[in-house]
Each structure stands twice: as structure tokens, then as C-alpha cells.
Amino acid sequence: MSVRLRFAPSPTGYLHIGGARTALFSWMFVKRHGGQFILRIEDTDQKRFVEGAVEEIMASMRWLGLDWDEGPDIGGPYGPYVQTERAALYQEWANWLVDNGRAYKCFATAEELAEMRVELEAKGDRSGYDRRYRDMDAAQVAELEAQGKPYVIRYKMPLDGVTVVEDLIRGEVVFENSQFTDAVLMKSTGLPTYHLAHVVDDHFMEITHITRGDEWLSSAPLHFQLWQAFGWERPLYAHMPVILNPSGKGKLSKRTQSFQDGQWQVLVKVDEYEEQGYIPVAVNNFIANVGWSSGDDLEIFTPEEIIPRFDLADVNSAPTSLPYAKLDWINGQHIQQMDDVELAKALKPFLEAAGYEVNVEALLIVMPSMKVRLKRLTDAEEFLQFLFSDDAAIELTADQLVHNQLPADAARNGYEQALAFVQTTDTFDLDTISTTLMSIGESVTTTGKAGPFLGKLRLAMTGQNVSPPVFESMLALGRERTAARLKQVVGLFA
RNA sequence: GCCCUGUUCGUCUAGCGGCCCAGGACGCGGCCCUCUCAAGGCCGAAACACGAGUUCGAGUCUCGUACGGGGCACCA
């Protein structure tokens, strides 16, 4: 049977980095087995529904490259893929459970429940419900119903015995049934809780594998009970370990936006990674390394590269925090692997956002030397300032353009020669520029080494202490602008 | 409080009884290269939570302790 696995976010916010990891692992597993990846929206909590959240989540998944085969936007043979549109189905099966003695109607009001909670807690019981409607006789139930009293449907949890949860990641986990009270399956609003809805949906959507956060493990016995009560074949479950804050204290998923934790700027929404200049393949790489390892020493990879070796069973069951210290490095490694055009294209929106008018041709010249320098796409703004600023805007003094191996006279001589070269040369390409300037440099310094001259020349051309190498920088500026800047420099020595 | 679960360098991890006086990566320190900054190369410091067992032999199995995490909603 082919693998059918669903990713089922709630539209209560944006795609969280922890959710992205669950989605990535799920997606890779599906790809590995040539199955279908299904996107389903679990919106049964109308109180927490956030307008636009579904679109945001899908946009983030697309950005990461996690495409789905069936979903609310593209449909599919098992739709609809939004739970509120399937309400009748849940109602039908909740009633089936009642009719078959596996669930019952509970008429407890909010006040009644509040009282119960206080009483039970006094006894150290935090279940919040004492099962008072579990064994009410049929006539009484009918009467309350006839009075129009609102009710919920609760599952009749076995009072004793044990439920064994089988999990792909943790193996068998045994729970005492007496630990649980009778969970609500249908709310009084007529919508189901997650517990009922996911089981019904996963059955009718013919889901074979369920991946979800570890926070669900505690309610998994209820879910296993439901599969058994319905007599349906149960899919395989995999509970992903939670992601912790970098400090190791508390789970990250409680956070809804970036924050500072110790020395780390922690990004939690997927689109925050995009804004900060991280690229999708790097973000995937970053989260794939948390709770999972390639098994050998492979650290830098694309999702496609590791699909053949990915297995849910290899996911580590221990909770972990994201290694933020690695994020910039991973991103830099992937930037190095981009080709020039691709990188330039990725950089353009960031440079434009900084107010620069981007000349793609000039940008391409400097791409090879930028690749090894960029950690994030946002770094380009500072590095390439010289390329987009006015020639006249560079403010330097002669003092800054001399060196103890390059006294003022020699410096001036060198800059004049460079200017003459730029103005008269037939070919203005990287090769000619570098050989010519190299030899000028060697002839003017006291040690005969071009280094000090080239360093100062670079400063003169860019006005930046940190910048791309001088030859590429000049070529990117072009002949005109290079000459203009050199003239200014020579002028400083007058 | 009760239930579940986890614990290897600062961090992410490899390890599934002998191959481990524990390997990789980031970060950190040093050196080399070098027109700055990077990148790259080389070197270095740095860990099996603790205690009992089982075994010829334990990071690897068992139990306990400590600490961490998750759950105990008409939220997902």
C-alpha cells in the first residue's frame, strides 16, 4: 500500500519553525516512499481561527519547497480538506459511537464543570470530570434532550486495563486507562474536537502515517481507543520530539515571534527566516539536523540528497533546541553553492529594499567574490554599498591612503599610474586590471610587494574597510566611475 | 499532584555490548594563506548526569536517584 501522510496545521497563526520541521520530515518520508503528501486544515476551533493564516502557512510551505499532492487549494479525491466543511461526517460517526455504546451524551454545564473541577482537585484529581452522565438511563437522556439542553459527546473510556500506543519513534508506550477521564469528542457547538476529527478524517482519507508533535503522545491512548472502537485499521503514528528554546528551558512552540534568548536571536516563524536573508535550502538543512542525523558525517545537504536515507524511525526521541550557532554557517555554505545568476536574483530584492537601484550586470561581476563572504542575503547591503553610492560620497583623507610601506609620494604615484591605466587601456577586464595593478603596486611600495598598495587602493575605491576585493570592485564600478574615484583620490594628494 | 518521556563536548549530533582512554559539525583559540573581510587548509581545548546491578567486558542492557521536557480543556 502506498504511503499517504498528512500535515494538518491549525489556522491559528503562521507556520512555526517546529511545524516546518514536522512538515519537512513528513514530506521527506513521503518522497522516500513515493507516496502522497496531504495538507489538511484543522479548524475545528473557531475561537482561535486567524484570518489569512491558511494562506500564510501555505506560502511558507511553498517557500520551503514542501509541495503537497492534495490540499484545500488544489483539492483531491478525498476532499474537502478543511475540517469545518466535513462537520456532518463527524456528527454521523459520533452518533455511531453513542449508538454502539462507546460514547455518551453529557449535559454538564460550564458551571457544573467548574464546581466539579474544584471538588476533584481538592482530592488531587485534575481530570476535571467525574463521569456523572456516563451511565444515565436512556429515558433520562431523552428527556434532557427533549428539553433542548445542550450536550457534548464523550468517549466511554475503559475504567481499567491498559492501552498500548505504538509509535514509530519511541516504540511501545503503555498507559493505564484509569489515568484518563471521558474526553469530549463532540462539542456542544456541533463541531468535533481534534481527537474525533483526526481519526475520522484519517480513516476516510486513507491515511497510512501520522506525524505530529510529541505533545500529542499523552492523548494517543484515546486515539488508539477510537480506532479500536470504530473497528478501523489504524495508521502508523510518529510523535516528533518538541523543540526547546536555545537555553533548553521550555518549548519553543509557545513563542509566536522572534525573541532574544541569551546571546541568540531566535527566529520562530518561517517567514522571519526569509526576511533575515536565509535561503530555503539552508533552512531545511538547519531543521533537518535537529533530532535527525544523516548517520555519517554529512552536514551540508539539500532535502533531495537525504531523502533516500531518511526514515521516521531514525528520529531521535529526545527534545532538543535549535543550534542557532550553525544557522549562519549553513546558510553561507549553501550560498557558496548557488550559481551567480541565481544569487544575484536572490539578492536583488534585499538590495532594492535597502534603497539601491540594482544594476544586475555590475552585481554579477561581484558575485563570485561575494559568495564566500555572505552569511545571509541581508549582508550584501553593507558589502556592496560602494557599488550603489555616489562616487563623490566617499570621504577619505590622504592620511588614510598611505601605509608605512607606501609613503605619500609613492602612494600618489601609484594612484596616478592607476588612473592613467584606467583612462587609456584598451581592455578593462579582470585579467588586465589585476596584472596591471599588481605590477604598479610592486613598483611603488618600499618592499616591492603589491599588498599595501592594493589594500589602500581598495579602500580608495570602495570607501569601506570591509569590501569585496579591489579588482572585482573596480570592474563592477566600471571604467567611468573607477576613473572618477581615482581622480578624487589623486586630488587628495595635491 | 498524577501519567508519559528524555539525559554523550558550550550547542547540534555519531554510537544500537568489545572497532570508543568516545567520532563529526558549529562555535571558540592558535597557525598558514592573504589587498580588507571572508572562504579554504592544518592544529588545539572541550562530553558518556550520578549510583547500584547484569556481563569476561557497558556510553551502549536493567533498576534507582537527580535534573530536563510533554500532557492532565467543549485548544489543537
Side-chain angles (χ1 to χ4, degrees), chain A residues 8-12 42-45 47-48 106 108 110 113 117 121 123-129 150-154 165 170 173-176 178-181 183-189 191-195 197-198 212-221 239 241-242 244 246 248-251 263-264 286 289-300 316-330 332-333 336 369-375 379 382-383 403 437-438 441 449-459 462 464-471 473:
Chain A
S10 297
T12 54
E42 311 217 316
D43 59 344
T44 54
D45 184 2
K47 276 176 289 199
R48 296 201 307 162
C106 166
L113 249 13
R117 182 173 312 278
E121 268 180 29
K123 293 188 287 187
D125 178 346
R126 290 176 52 164
S127 69
Y129 181 63
Y151 62 86
V152 301
I153 293 178
R154 307 185 91 117
V165 170
R170 332 184 88 99
V173 185
V174 181
F175 293 84
E176 297 279 342
S178 60
Q179 286 301 316
F180 302 91
T181 189
V184 173
L185 263 22
M186 286 296 280
K187 310 177 203 175
S188 54
T189 58
L191 281 175
T193 57
Y194 168 87
H195 306 113
H198 98 268
R212 43 151 58 160
D214 183 60
E215 62 268 27
W216 289 107
L217 187 62
S218 298
S219 51
H239 290 92
V242 293
L244 272 24
K249 300 281 179 190
K251 63 171 178 172
Q263 63 174 308
W264 303 112
F286 176 60
N289 263 148
V290 178
W292 181 84
S293 152
S294 62
D296 55 26
D297 297 332
L298 188 66
E299 300 272 349
I300 297 297
N316 215 121
S317 56
T320 57
S321 45
L322 292 169
Y324 279 92
K326 280 187 176 185
L327 181 54
D328 279 4
W329 174 74
I330 291 172
Q333 291 291 310
Q336 283 192 52
S369 59
M370 288 306 288
K371 258 185 232 177
V372 293
R373 273 162 252 263
L374 295 176
K375 297 291 194 199
D379 293 341
E382 208 181 323
F383 269 116
H403 184 274
L437 291 177
M438 193 71 87
K449 296 203 170 165
F453 173 69
L454 295 175
K456 290 302 173 184
L457 182 62
R458 191 185 53 75
L459 177 62
T462 65
Q464 298 172 203
N465 286 320
V466 173
S467 81
V470 67
F471 306 140
S473 296

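Order of the sequence lines fixes the chain letters, A, B, ..., with proteins taken first and strands second; residue numbering starts at 1 for each chain. These numbers were taken from a predicted model, which means no experiment stands behind them.
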For S127(A), answer base if it contacts any base atom (sugar-phosphate contacts may also be present), sugar-phosphate if it contacts only those atoms, and nothing otherwise; contact means non-hydrogen atoms under 4.0 Å.
-> sugar-phosphate
What's the CZ-P distance between F180(A) and rC72(B), to the nearest Å?
-> 11 Å
Under 4.0 Å between a side-chain N or O of T320(A) and OP1 or OP2 of rU13(B)?
-> yes
Per nearest nucleotide of RNA chain B, the residue lying toward the 5' end, F175(A) or T12(A), is F175(A)
Using a cutoff of under 3.5 Å, can you pull out all pairs of nitrogen or oxygen atoms linking the protein to nucleotides 67-70 of chain B, with atom names and distances?
from, atom 1, to, atom 2, distance (Å)
rG69(B), OP1, G250(A), N, 3.2
rG70(B), OP1, K251(A), N, 3.2
rG70(B), N2, S218(A), OG, 3.3

Just do the side-chain contact (heavy atoms from CB on, under 4.5 Å) check on R373(A) and D379(A) with the steps written out, would you?
-> CA-CA 9 Å; R373(A) 273 162 252 263; D379(A) 293 341; over 6 Å; no
On a whole-Å scale, what distance lies between the C1' atoms belonging to rC12(B) and rU7(B)?
-> 15 Å
Base, sugar-phosphate, or nothing for V152(A), non-hydrogen atoms under 4.0 angstrom?
-> base
Quote, to the nearest angstrom, the P distance that separates rC61(B) from rG15(B).
-> 12 Å
d(NE2, H195(A); C1', rA76(B)) in whole Å = 8 Å
Residue-phosphate contact under 4.0 Å: N316(A) side-chain N/O, rA14(B) OP1/OP2 | yes
side-chain N/O R373(A) vs rU36(B) OP1/OP2, d < 4.0 Å | no
Dump the pairs, protein N or O against N or O of nucleotides 24-26 of chain B, anything under 3.5 Å, distances to one decimal.
from, atom 1, to, atom 2, distance (Å)
rG24(B), N2, E299(A), OE2, 3.2
rA25(B), O4', E299(A), OE2, 3.0
rA25(B), N3, K326(A), NZ, 3.2
rC26(B), O2', A325(A), O, 2.5
rC26(B), O2', K326(A), N, 3.3

Euclidean distance, F286(A) CZ relative to L327(A) CG, rounded to 0.5 Å | 4.5 Å
Report the distance from atom CD1 of I300(A) to atom C1' of rG40(B), rounded to the nearest whole Å.
-> 15 Å
So, R458(A) side chain and Q464(A) main chain: donor-acceptor pair closer than 3.5 Å or not?
-> yes
Does any non-hydrogen side-chain atom of Q179(A) lie less than 4.5 Å from one of S218(A)?
-> no
To the nearest angstrom, how far is D125(A) atom CG from rC72(B) atom C1'?
-> 9 Å
May I ask you to say what S188(A) touches in the nucleic acid, namely base, sugar-phosphate or nothing, with a heavy-atom cut-off under 4.0 Å?
-> base
Please round to the nearest 0.5 Å and tell me the distance separating atom SG of C106(A) and atom OH of Y129(A).
-> 3.0 Å
Remember a base hit wins even if backbone is also touched, and classify E176(A) as base, sugar-phosphate or nothing at under 4.0 Å, heavy atoms.
-> nothing
When rounded to the nearest 0.5 angstrom, what distance separates CZ in R154(A) from OG1 in T181(A)?
-> 6.0 Å
Complementary nucleotide for rA47(B) - Watson-Crick or wobble, under 3.5 Å | none
Could you walk me through whether I300(A) and W329(A) pass the side-chain contact (heavy atoms from CB on, under 4.5 Å) test, one step at a time?
-> CA-CA 10 Å; I300(A) 297 297; W329(A) 174 74; 3.7 Å; yes
Using the C1' atom in both, what is the distance from rU60(B) to rC19(B), to the nearest Å?
-> 14 Å
How is G291(A) classified with respect to the nucleic acid when contacts are heavy atoms under 4.0 Å: base, sugar-phosphate, or nothing?
-> sugar-phosphate
Hey, are the side chains of R170(A) and D214(A) touching, using non-hydrogen atoms and a 4.5 Å cut-off?
-> yes
Using only side-chain N and O atoms of K47(A), determine if any of them is under 4.0 Å from OP1 or OP2 of rC75(B).
-> yes
So OG of S294(A) and CD of E299(A): to nearest 0.5 Å the spacing works out to 7.0 Å
All N/O pairs under 3.5 Å across the protein-nucleotides 33-35 of chain B interface:
from, atom 1, to, atom 2, distance (Å)
rC35(B), O4', G451(A), O, 3.1
rC35(B), O2, R458(A), NE, 3.4
rC35(B), N3, V470(A), N, 3.3

Mind checking the C1' distance from rA22(B) to rU13(B)? Whole angstroms is fine.
-> 13 Å
Side-chain donor/acceptor of K187(A) to backbone N/O of T44(A), under 3.5 Å | yes
State which of rG6(B), rC12(B), rA76(B) makes the closest approach to the side chain of K187(A).
-> rA76(B)
Separation of S467(A) OG from M370(A) CE (nearest 0.5 Å) | 9.5 Å
Could you measure between the two P atoms, the one in rC67(B) and the one in rC50(B), and give it in whole Å?
-> 15 Å
For rA22(B), which nucleotide in any strand shown is its Watson-Crick or wobble partner with both distances under 3.5 Å?
-> none
When all nucleic acid strands are considered with a 4.0 Å heavy-atom cut-off, which category describes S219(A): base, sugar-phosphate, or nothing?
-> nothing
Would you kindly give the CG-to-C1' distance between L113(A) and rC72(B), to the nearest whole Å?
-> 14 Å
Quick one: does L457(A)'s side chain get under 4.5 Å of L437(A)'s, heavy atoms only?
-> yes
Do the side chain of T193(A) and the main chain of V184(A) share a donor and acceptor less than 3.5 angstrom apart?
-> yes
Of the candidates rC74(B), rA76(B), rC37(B), the side chain of T44(A) sits closest to rA76(B)
Nearest-angstrom distance from the residue atom CZ of R212(A) to P of rC75(B) | 17 Å
If you find the nucleotide of RNA chain B closest to Q179(A) and the one closest to K375(A), which residue's nucleotide is nearer the 5' end?
-> Q179(A)
What nucleic acid atoms does Q333(A) come within less than 4.0 Å of, heavy atoms only: base, sugar-phosphate, or nothing?
-> sugar-phosphate
If you look at every strand shown and take non-hydrogen atoms under 4.0 Å, does V174(A) touch a base, only sugar-phosphate, or nothing?
-> sugar-phosphate
Going by heavy atoms in the side chains, are D45(A) and Y194(A) under 4.5 Å from each other?
-> no
Under a 3.5 Å cut-off for both distances, is rU36(B) Watson-Crick or wobble paired, and to whom?
-> none
Which base, if any, makes a Watson-Crick or G-U wobble pair with rC67(B), both distances under 3.5 Å?
-> rG6(B)
Do the side-chain N or O atoms of R154(A) get closer than 4.0 angstrom to the phosphate oxygens (OP1, OP2) of rC74(B)?
-> yes
With C1' as the reference atom in both, quote the distance from rG10(B) to rC3(B) in angstrom, rounded to an integer.
-> 33 Å
What is the distance from CE of M186(A) to P of rA76(B), rounded to the nearest Å?
-> 12 Å
Starting at atom CG of D328(A), determine the distance to atom C1' of rC37(B), rounded to an integer number of angstrom.
-> 15 Å
Could you work out the separation of rA52(B) and rA58(B) based on their P atoms and round it to a whole Å?
-> 13 Å
Counting distance only, does the side-chain N/O of S188(A) pair as donor-acceptor with the main-chain N or O of V152(A) below 3.5 Å?
-> no
